[in-house]
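The first residue of the sequence shown is numbered 1, and numbering continues consecutively from there. Values below: every heavy atom of this structure, side chains too, minus hydrogens, waters and symmetry copies.
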Amino acid sequence: MKISKILFISASVLAIMSCQKSGPKDIAVGKDQCDNCRMTITDVKYATQLITDKGRAYKFDDLSCMTMYESSNPEKATNAKTYVVDFPSGQFLEKSRATFIKGGSIKSPMGGNTQAFRDKAAAQKAAAATGASLTK
């Protein structure tokens with residue numbers, strides 16, 4: 001009886017853990033803090049995340065903060081997945097799949113002044129409209 005109870009509890013815990021979202025976590029705007037500069041995240045369209053190979057999520061208010069964090073914490077950044085927000089939709093995408101624009105009239109929270117786009121054509125159009133440069 002005790003063994004079946006332990007097996008049931010173990011199976012339940014494993015089932016719950018397997019249902020957890022493995023990608024980027026939701027940002028609580030106005031509540032979550034940047035894990036680099038400790039400023040409150042106020043604009044989700046510039047937010048980024050680094051998810052370690054152990055599943056720990058680090059949230060940032062600007063791409064420049066995530067870049068600084070990766071440089072100063074290589075043990076956490078190694079094998080981590082990085083995510084940026086697609087500026088038009090507000091949805092996360094893997095950083096490696098994004099096209100970036102920088103400069104012009106773009107003003108991001110920590111002065112990185114970079115926007116990410118899922119679609120390269122949308123990035124080119126936004127760059128032309130803002131006077132920004134396409135960086136990837």
K.L.:
Indicate if Val29 and Val85 have the same hydrophobic cluster label, given that clusters are the connected sets of ILVMFWY residues with side-chain heavy-atom separations under 4.5 angstrom.
P.N.:
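Val29 and Val85: one cluster.
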K.L.:
Just verifying a value: how many Å separate Leu50 CG and Glu70 CD, rounded to the nearest 0.5 Å?
P.N.:
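Between atom CG of Leu50 and atom CD of Glu70 there are 5.5 Å.
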K.L.:
Does the ring centre of Tyr46 sit less than 6.0 Å away from the ring centre of Phe87?
P.N.:
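Close enough - the centres of the two rings lie under 6.0 Å apart.
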K.L.:
Looking at Ala122, is its backbone amide N or carbonyl O close enough to the side chain of Asp119 to form a donor-acceptor pair, meaning the two atoms are under 3.5 Å apart?
P.N.:
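Checking the backbone N and O of Ala122 against the side chain of Asp119, a donor-acceptor pair under 3.5 Å is found.
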K.L.:
Would a 4.5 Å heavy-atom cut-off, applied to side chains only, mark Ile101 and Phe117 as touching?
P.N.:
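In short, these two side chains touch, coming nearer than 4.5 Å.
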K.L.:
Can you name the closest pair of heavy atoms from Ile106 and Ala132 and give their distance?
P.N.:
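Heavy-atom minimum between the residues: CD1-CB, 3.8 Å.
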K.L.:
To the nearest 0.5 angstrom, please state how far the NZ atom of Lys125 sits from the OG1 atom of Thr130.
P.N.:
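Output value for this atom pair is 12.5 Å.
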K.L.:
Going hydrophobic residue to hydrophobic residue with side-chain gaps under 4.5 angstrom, can you get from Leu63 over to Leu93?
P.N.:
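As far as the 4.5 Å side-chain criterion goes, Leu93 and Leu63 are connected within one cluster.
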K.L.:
Taking the side chain as every heavy atom from C-beta outward, state whether Lys25 and Gln49 have any atom pair closer than 4.5 Å.
P.N.:
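When only atoms from C-beta onward are counted, Gln49 and Lys25 do touch, with a gap below 4.5 Å.
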K.L.:
How far apart are the closest heavy atoms of Pro24 and Ile51, and which atoms are they?
P.N.:
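Shortest heavy-atom contact: CA-CD1, 4.1 Å.
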K.L.:
Is it the case that the side chain of Asn113 and the backbone of Ser108 share a donor-acceptor pair, with hydrogens and angles ignored and the cut-off at 3.5 Å?
P.N.:
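Between the backbone of Ser108 and the side chain of Asn113 there is a qualifying donor-acceptor contact (under 3.5 Å).
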K.L.:
Taking 4.0 angstrom as the limit, do Asp35 and Lys59 come out as a salt bridge?
P.N.:
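No, Asp35 and Lys59 are not salt-bridged.
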K.L.:
Does a side-chain heavy-atom distance below 4.5 Å link Arg97 with Arg118?
P.N.:
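Heavy-atom side-chain distance check fails, nothing below 4.5 Å.
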K.L.:
Is the shortest side-chain heavy-atom distance between Lys102 and Ser133 below 4.5 Å?
P.N.:
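Result no, sub-4.5 Å side-chain heavy-atom pair not found.
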K.L.:
Between Tyr58 and Tyr69, what is the ring plane arrangement, given parallel below 30°, perpendicular above 60°, and tilted in between?
P.N.:
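Rings of Tyr58 and Tyr69: tilted, as their planes differ by 30° to 60°.
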K.L.:
Looking only at heavy atoms, what is the nearest atom pair of Asn36 and Met68, with distance?
P.N.:
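Residues Asn36 and Met68, closest heavy atoms: ND2-CE, 3.8 Å.
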K.L.:
Would you call Thr99 and Gln124 a side-chain contact if the rule is heavy atoms closer than 4.5 Å?
P.N.:
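With C-beta onward as the side chain, the pair stays apart.
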K.L.:
Nearest 0.5 Å, what's the CG-OG1 distance between Asp62 and Thr114?
P.N.:
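Answer rounded to 0.5 Å: 7.0 Å.
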K.L.:
State which residue, out of Thr48, Ile27, Asp86, Asp26, fulfils the side-chain contact (heavy atoms from CB on, under 4.5 Å) condition with Phe92.
P.N.:
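One option only clears the test, and that one is Ile27.
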K.L.:
When you compare the side chain of Glu94 with that of Tyr83, does any pair of heavy atoms fall below 4.5 Å?
P.N.:
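Side chain of Tyr83 against side chain of Glu94, heavy atoms only: contact under 4.5 Å found.
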K.L.:
To the nearest 0.5 angstrom, please state how far the SG atom of Cys34 sits from the CE atom of Met66.
P.N.:
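Between atom SG of Cys34 and atom CE of Met66 there are 10.5 Å.
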K.L.:
Using modelled atom types only, decide if a donor and an acceptor are shared between the side chain of Asp61 and the backbone of Ile41 within a distance under 3.5 Å.
P.N.:
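No, Asp61 side chain to Ile41 backbone: no donor-acceptor pair under 3.5 Å.
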K.L.:
Check side chain to side chain donor-acceptor pair (under 3.5 Å) between Lys81 and all other residues, then give those that pass, not counting sequence neighbours.
P.N.:
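Not a single residue meets the side chain to side chain donor-acceptor pair (under 3.5 Å) criterion with Lys81.
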K.L.:
Donor-acceptor pair, distance only, cut-off 3.5 Å: does the side chain of Thr42 make one with the backbone of Gly30?
P.N.:
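Not confirmed, Thr42 side chain does not pair with Gly30 backbone.
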K.L.:
Shortest non-hydrogen contact from Pro88 to Lys45?
P.N.:
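What the structure gives for the nearest pair is O-NZ, 3.8 Å.
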K.L.:
Taking Cys65's backbone N and O only, do any of them form a donor-acceptor pair with Thr67's side chain (distance below 3.5 Å, no angle check)?
P.N.:
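Absent.
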